[in-house]
Amino acid sequence: MGRCIVPEAEDILDVEFPVLDKGFVRLVDYMGSDQRIVQAARVSYGAGTKTRRQDAGLIDYLLRNDHTSPFEQVVFTFHAKMPIFVARQWVRHRTARLNEISGRYSVMPDEFYVPEAADVAEQSRDNKQGRKTEPMEAQAADSVRRAIEAVHEQAYAGYQSLLDEGTARELARIVLPLSLYTEWYWQIDLHNLFRFLRLRLDPHAQREIRAYAAMMRDLAARVCPLAFESFERHLAGGVRFSDEEMAALRNMLNGEDSGLEGKAAERFETKLAEGRQI
Ligand SMILES: Cc1cc2nc3c(=O)[nH]c(=O)nc-3n(C[C@H](O)[C@H](O)[C@H](O)COP(=O)(O)OP(=O)(O)OC[C@H]3O[C@@H](n4cnc5c(N)ncnc54)[C@H](O)[C@@H]3O)c2cc1C
């Protein structure tokens, strides 16, 4: 019952998996596995892991009932490279530990995020925080991409000339835009990774951070596949119903109308149809 070694995870340790145009995620290290969750949960009984089916059942029970502490026994260290605007969203998750590249110490490389044409879209009208789901038509998207690249070139030339004049790196960097790539080591336990993934895999999260969340989910799932099956079932794939929505569900099961109206009815229908909160 010593260190957990998971061959599927060992295979991908230190491999850079590309995300966006110049970013990546790499699993640097892990501690624990599905077995560790089971051991931690069963410690009070002195019994270790049983059959895979029993272990899966226990993990599912724990997650379903918010017995979260055994999931904190599994820890991941990722190395990720992402645009600064993604890092700004990511860093809001306070339960991780991180070390980021220093623009005071190092000259920042000329690497900026330029969205693919398929990711260039107009401002959404109904969602003030997001873009439309359908991309701009090809020519318009191309012109947006060129405009973004032109700003990058100008900003990096300004940065370079400030450095050439002897300006301190910590000052010269302030002319660089949010699309500049940064990188960090990020360490988090499984319970808090689930919280992060639940928010950042959601369609309300910005598409760019979703791409990182999806990659981290795939890498972490190699370490503890049973826990991720339960995550998909209860946290990612599940929705919360309020007490009035529960009453509406009971009405419908009795063959009656939901009894909800207006915005409440709209929210409820979206939950039923799309399996997501709004
Ligand atoms: C779609 C989307 C849009 C968003 N838009 C905005 C926005 O417009 N503006 C904005 O500012 N933010 C925004 N956020 C960020 C959001 O408000 C949260 O800060 C972020 O999602 C992190 O969530 P968290 O606090 O649950 O995570 P964590 O910081 O990981 O916290 C996890 C849990 O631990 C608790 N916790 C963490 N640290 C402490 C502590 N020191 N003391 C006590 N309890 C603690 C938290 O209460 C929480 O329950 C957005 C997030 C999403 C997903």
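Both counts, for ligands and for their atoms, begin at 1 and track the order of listing.
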Are any of the protein's heavy atoms under 4.0 angstrom from [atom], yes or no?
{"atom": "atom 33 (C) of ligand 1", "result": "yes"}
{"atom": "atom 47 (O) of ligand 1", "result": "yes"}
{"atom": "atom 28 (P) of ligand 1", "result": "yes"}
{"atom": "atom 41 (N) of ligand 1", "result": "no"}
{"atom": "atom 16 (C) of ligand 1", "result": "no"}

Measure from [atom] to every heavy atom in [options] and give the option owning the shortest one.
{"atom": "atom 14 (N) of ligand 1", "options": "Arg200, Gln89, His93", "value": "Arg200"}
{"atom": "atom 24 (P) of ligand 1", "options": "Arg195, Arg94, Gln206", "value": "Arg94"}
{"atom": "atom 9 (N) of ligand 1", "options": "Arg92, Arg88, Arg210", "value": "Arg92"}

Query raised in the report: Does Asn192, backbone or side chain, put an N or O under 3.5 Å from an N or O of ligand 1?
Result: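 No, there is no polar N/O contact under 3.5 Å.
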Report task. With sequence neighbours left out, write down each residue that passes side-chain contact (heavy atoms from CB on, under 4.5 Å) with Leu98, or none if nothing qualifies. Result ->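 Scan of Leu98 (side-chain contact (heavy atoms from CB on, under 4.5 Å), adjacent residues dropped) gives Val91, Glu100, Trp184, Trp186.
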Query raised in the report: Does a donor on one side chain sit under 3.5 Å from an acceptor on the other, for Asp21 and Tyr181?
Result: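 There is such a pair (donor and acceptor under 3.5 Å, judged by atom type) between the side chains of Asp21 and Tyr181.
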Requested in this report: Assign the ring pair His152 / Phe112 to parallel, tilted or perpendicular, where the plane angle (0 to 90°) is split at 30° and 60°.
Outcome: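 Ring orientation of His152 relative to Phe112: parallel.
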Could you tabulate the donor-acceptor pairs under 3.5 Å formed by side-chain atoms of residues 210-228, not counting sequence neighbours?
residue	atom	partner	partner atom	Å
Arg210	NH1	Pro203	O	3.2
Arg210	NH1	Ala205	O	3.1
Tyr212	OH	Lys81	O	2.8
Arg222	NH1	Glu8	O	2.8

Query raised in the report: Any side-chain heavy-atom pair from Leu272 and Leu249 closer than 4.5 angstrom?
Result: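 Yes, at least one pair of side-chain atoms sits under 4.5 Å.
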Query raised in the report: Mind checking whether Tyr30 and Phe76 have ring centres under 6.0 Å apart?
Result: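 Ring centroids of Tyr30 and Phe76 are no less than 6.0 Å from each other.
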